Amino acid sequence: MEEPKLPEEKALRSLNFIEEIIEEDIRNGVNEGRVHTRFPPEPNGYLHIGHAKSICLNFGLAKKYNGMTNLRFDDTNPVKEDVEYVDSIMEDVKWLGFDWEDRLYYASDYFEQLYEYAVTLIRKERAYVCDMSAEEISETRGTPTRPGKESPYRNRTVGENIDLFARMRNGEFPDGTRVLRARIDMASPNMHMRDPVLYRILHAHHHRTGDQWCIYPMYDFAHGQSDSIERITHSICTLEFEVHRPLYDWFIREIGIYPPRQIEFARLNMTYTVMSKRKLLELVQQGFVSGWDDPRMPTICGLRRRGFTPESIRNFAETIGVAKRDNIIDVSLLEFCIREDLNRRANRLMAILDPVKVVIDNYPEELTEELESVNNPEDESRGKRKMPFSKTLFIERDDFMEDPPNKFFRLAPGREVRLKAAYIIRCESVVKEPETGRITEIHCTYDPMTRSGMPDSNRKVKGTLHWVSAKHAVGVEVRLYDRLFVKENPDDIEEGKTYKDYLNPDSLKVITAMVEPAVKNAQVSEKYQFERTGYFSVDKDSTAQNLIFNRVVPLKDSWVKTEKVK
RNA sequence: UGUCCGAUGGUGUAACUGGCAACACAAAUGAUUCUGGAUCAUUAGAGUCUAGGUUCGACCCCUAGUCGGACAACCA
């Protein structure tokens, strides 16, 4: 597929609030005008469209201000993390079109340094080893409106703390018996400042450091310092970390290291889907979808398999903007972005999703004509292809009505339509199954003088249909995807229900479509527009004998609307 | 009876930082079309959460409310 000519940045767009902050910093000479961002995922799940927003933001900002972006895995919890996720995340970021060059880091790279930082805090009497259980710590933390109680271990001597912390590291204590805590303020109105846990004992194998450590830093103790070590200038993260910021600033100040500036933005929500890693994992594990890359998933790999392009997702991220208020973006905007992209780059093909037979009574029995059709009306350079035409065709069952309303522009008894790139035909009669009344054959006559390109073909007819020659058609599997949930906001649950009660039972329909022979050239992940029906992408499960197409998105259809109005 | 954050058409984001509320999606109408797609033109829809205040002038500044969100993992 060709490279994009998408105007990814509307030339004179006004600045978003993050750009304003950055430009102000540049004006004030903060960090000598340097801009350095990072994308810091935890490798415990697959990336989704919400992460794409963050990735586009971080890499986009760095690009705009001639800076750099690091990829850093926040891998401080070995029990939840896995290399499978590390690999998928790198693949997805690359696929989106971003490059961290040689700046691939892991929080685990800094474990030794982080340990030293902890010792520094102990020496300053700003941290202590606490022997309380998790339950006790939780009980003594207080509530948002009531202060907590100080730990009885809070006033241990520096020497005792140093010794105990070293022995924690040496593996002398079982999991859960002790933690290292910051010594801040158990009465702080900010819960995160109430002597938070810095290190816990975890005799677990880490995907990178192996069995080298049996104590691991908490995210809060690792994240800000990791940014500092990497000399990140602007740490962009989501809103829920806003209340953590005072803690991060406290660490940086007490340890005395380089201070990044954290800026929080509102995470992306989208209608008819869920975005939390926990829920997505549940959908996968409980078999509601076929995997992380199920084309109905809002994951990057799901969207990729569905047939979305990186350009369309980047353009989407640009279009939704960024702010601090909670938001829920209409999926139709995402759909618009992929249609806009695919309209210009996808070649057209004629495919009949729900075939009904058409017999051209006055067309010679044995004749096959090779007719030409344009591959992409938006792009002359894509050229033309040949389509076989013969006496028996398939058209879409929807394109015929025995007793049509006035607004129906398609085929009906006595009416004429154009077959795209072929002839104008008229319906003469229909054949039905006697018991069911189901139409089995539509008999038509064609006007030989109306073949596309001939003078008589300019005759005005109301409708143009797509078609395939029955004996030349190729059967392919088509997976028709629809939204995963029936409710706009599946997180908005009624009494006694869960988000899973709103799953759409019709989110996947598998059918066999009849397609013109040119489809045989289709390659995996190639995108096509099936004329008049939608955009389709060749699924990776395809074989030479059995092509499989995923419907990316249907074409806009103003007929269904007119039809519904009735 | 806490701290922090937020509030602008149906949705999202703007408003030269105090000067006639704009853009995109969605919607509607018409033109055009060998895709009821695309394209083009047009229309409708908010007076900016509320109440006060400052000001010649407030979406923007101040005060007090209201509503919504985040925070009480040895998760991130």
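Everything numeric here is computed off the predicted structure, so don't read it as measured data.
Atom pair Arg325(A):CZ and C49(B):P shows a separation of 10 Å (rounding to whole Å applied). The nearest whole Å value for the distance from the CD atom in Glu488(A) to the C1' atom in G10(B) is 9 Å. Remark: P of C16(B) and CZ of Arg13(A) are 15 Å apart, rounded to the nearest angstrom. The separation between Phe241(A) atom CZ and A76(B) atom P is 10 Å, rounded to whole Å. Between Asn269(A) atom CG and G10(B) atom P the separation is 19 Å, expressed in whole Å. As rounded to whole Å, 13 Å separates atom P of G69(B) from atom CG of Leu239(A). Rounded to an integer number of Å, the gap from Asp185(A) CG to U3(B) C1' is 12 Å. One can place CZ of Phe336(A) at 12 Å from C1' of C23(B), the figure rounded to the nearest angstrom.
At a threshold of 4.0 angstrom between heavy atoms, the contacts of Arg178(A) with the nucleic acid are absent. Residue Asp557(A) is classed as a sugar-phosphate contact, given heavy-atom separations below 4.0 Å to backbone atoms only. Residue Phe408(A) is classed as a base contact, given a heavy-atom separation below 4.0 Å to a base. At the heavy-atom level, His466(A) lies nowhere under 4.0 Å from the strands shown. Among the atoms of the strands shown, only primed sugar atoms or phosphate atoms (P, OP1, OP2) are found under 4.0 Å from some heavy atom of Arg141(A). Nucleic acid contact for His223(A): none, since no nucleic acid atom lies under 4.0 Å from a heavy atom of the residue. Nucleic acid contact for Gly453(A): base, since at least one base atom lies under 4.0 Å from a heavy atom of the residue. Using a 4.0 Å heavy-atom criterion, one finds that Lys407(A) contacts the bases of the nucleic acid, with or without backbone contacts as well. Counting non-hydrogen atoms under 4.0 angstrom, Glu335(A) reaches nothing in the nucleic acid. As judged by a 4.0 angstrom heavy-atom cut-off over every strand, Ser138(A) is placed among residues touching the sugar-phosphate backbone only. Counting non-hydrogen atoms under 4.0 angstrom, Arg245(A) reaches nothing in the nucleic acid. Residue-level contact check: Ala421(A) touches the bases, meaning some heavy atom is under 4.0 Å from a base atom. Among the protein residues, Val179(A) comes within range of the nucleic acid bases, having at least one heavy atom under 4.0 Å from a base atom. Nucleic acid contact class of Glu42(A) (heavy atoms, under 4.0 Å, all strands): sugar-phosphate only.
Across the strands present, C20(B) finds no partner; the criterion is a Watson-Crick or G-U wobble pair with both atom distances under 3.5 angstrom. Pair assignment for C75(B) gives none, since no Watson-Crick or G-U wobble pairing has each distance under 3.5 Å. The base-pairing partner of U43(B), taking Watson-Crick or G-U wobble contacts with both distances under 3.5 Å, is A27(B). If you check A14(B) for Watson-Crick or wobble pairing at under 3.5 angstrom, you find it has no partner at all. Base-pair partner of U1(B): not found among the strands shown (Watson-Crick or G-U wobble, both distances under 3.5 Å). For G6(B), the paired base is C67(B) (Watson-Crick or G-U wobble, both distances below 3.5 Å). Pairing of C60(B), defined by two Watson-Crick or G-U wobble distances under 3.5 Å, is not identified with any nucleotide.
Between C16(B) and Ser14(A), no contact under 4.0 Å exists linking OP1 or OP2 to a side-chain N or O. One finds no side-chain N or O of Lys556(A) lying less than 4.0 angstrom from the OP1 or OP2 phosphate oxygen of G36(B). Taking only side-chain nitrogens and oxygens, Arg532(A) comes nearer than 4.0 Å to OP1 or OP2 of G36(B). Put simply, Ser558(A) has a side-chain N or O that comes within less than 4.0 Å of OP1 or OP2 on G37(B). Residue Thr76(A) places at least one side-chain N or O under 4.0 Å from the OP1 or OP2 atom of A76(B). For the OP1/OP2 pair of U33(B) and a distance below 4.0 Å, the side-chain nitrogens and oxygens of Lys420(A) include no atom meeting the criterion.
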I would like to know whether Asn77(A) and Leu202(A) meet side-chain contact (heavy atoms from CB on, under 4.5 Å); could you show each step before the answer? CA-CA 9 Å; Asn77(A) 185 0; Leu202(A) 235 40; 4.1 Å; yes
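With rounding to the nearest 0.5 angstrom, the NE2 atom of His234(A) is 12.5 Å from the CD atom of Gln262(A).
Taking only side-chain atoms of Ala323(A), from C-beta outward, the nucleotide of U13(B), C71(B), G36(B) with the closest atom is U13(B). Looking at the side chain of Asn16(A), the nearest of the listed nucleotides A76(B), G12(B), A14(B) is A14(B). Candidate nucleotides C75(B), U35(B), U3(B) were compared by shortest atom distance to the side chain of Arg200(A), and C75(B) ranks first. Of the candidate nucleotides G12(B), G69(B), U35(B), U35(B) has the atom lying nearest to any side-chain atom of Pro377(A). Closest to the Met191(A) side chain, of the nucleotides U35(B), C71(B), C25(B), is C71(B). For Ile137(A), the listed nucleotide lying nearest its side chain is C74(B); candidates were C74(B), A76(B), G37(B). Taking the side chain of Asp326(A) as heavy atoms from C-beta on, and the options U33(B), C25(B), G69(B), the nearest nucleotide is G69(B).
When only modelled atom types and interatomic distance are considered, Asp75(A) and His207(A) share a side-chain donor-acceptor pair under 3.5 Å. Judged by distance alone, the side chains of Asn44(A) and Glu42(A) do bring a donor and an acceptor atom under 3.5 Å apart. No side-chain donor-acceptor contact under 3.5 Å links Thr450(A) and Asp456(A).
Position along RNA chain B of the nearest nucleotide to Leu202(A) versus Thr143(A) favours Thr143(A) as the more 5'-ward residue. Along RNA chain B, the nucleotide closest to Asn458(A) and the one closest to Asn327(A) are compared, and the more 5′ of them pairs with Asn327(A).
Applying the 90° cutoff around 0 to the glycosidic angle, A21(B) is assigned anti. Taking the syn range as angles within 90° of 0, the glycosidic angle of G47(B) is syn. Applying the 90° cutoff around 0 to the glycosidic angle, U42(B) is assigned anti.
Side-chain contact between Tyr199(A) and Met218(A) is absent, with no heavy atoms from C-beta onward closer than 4.5 Å. Between Pro78(A) and Tyr216(A), the closest side-chain pair of non-hydrogen atoms falls below 4.5 Å.
Taking a cutoff of 4.0 Å between a charged side-chain nitrogen and a carboxylate oxygen, Lys556(A) and Glu335(A) do not qualify as a salt bridge.
Judged by the 6.0 Å distance and 45° axis criteria, Lys527(A) is not positioned over the aromatic ring of Phe536(A).
Within 3.5 Å, no donor on the side chain of Glu264(A) pairs with an acceptor on the base of G6(B), nor the reverse. Checked by distance alone, Gln529(A) brings a side-chain donor or acceptor within 3.5 Å of a matching partner on the base of U35(B).
Nucleotides C23(B) and U50(B) have their C1' atoms positioned 28 Å apart, rounded to a whole Å. To the nearest whole angstrom, the two P atoms, one in C25(B) and one in U39(B), are 9 Å apart.
The only option from Arg348(A), Met350(A), Met387(A), Arg532(A) that meets the side-chain contact (heavy atoms from CB on, under 4.5 Å) definition with Lys420(A) turns out to be Met350(A).
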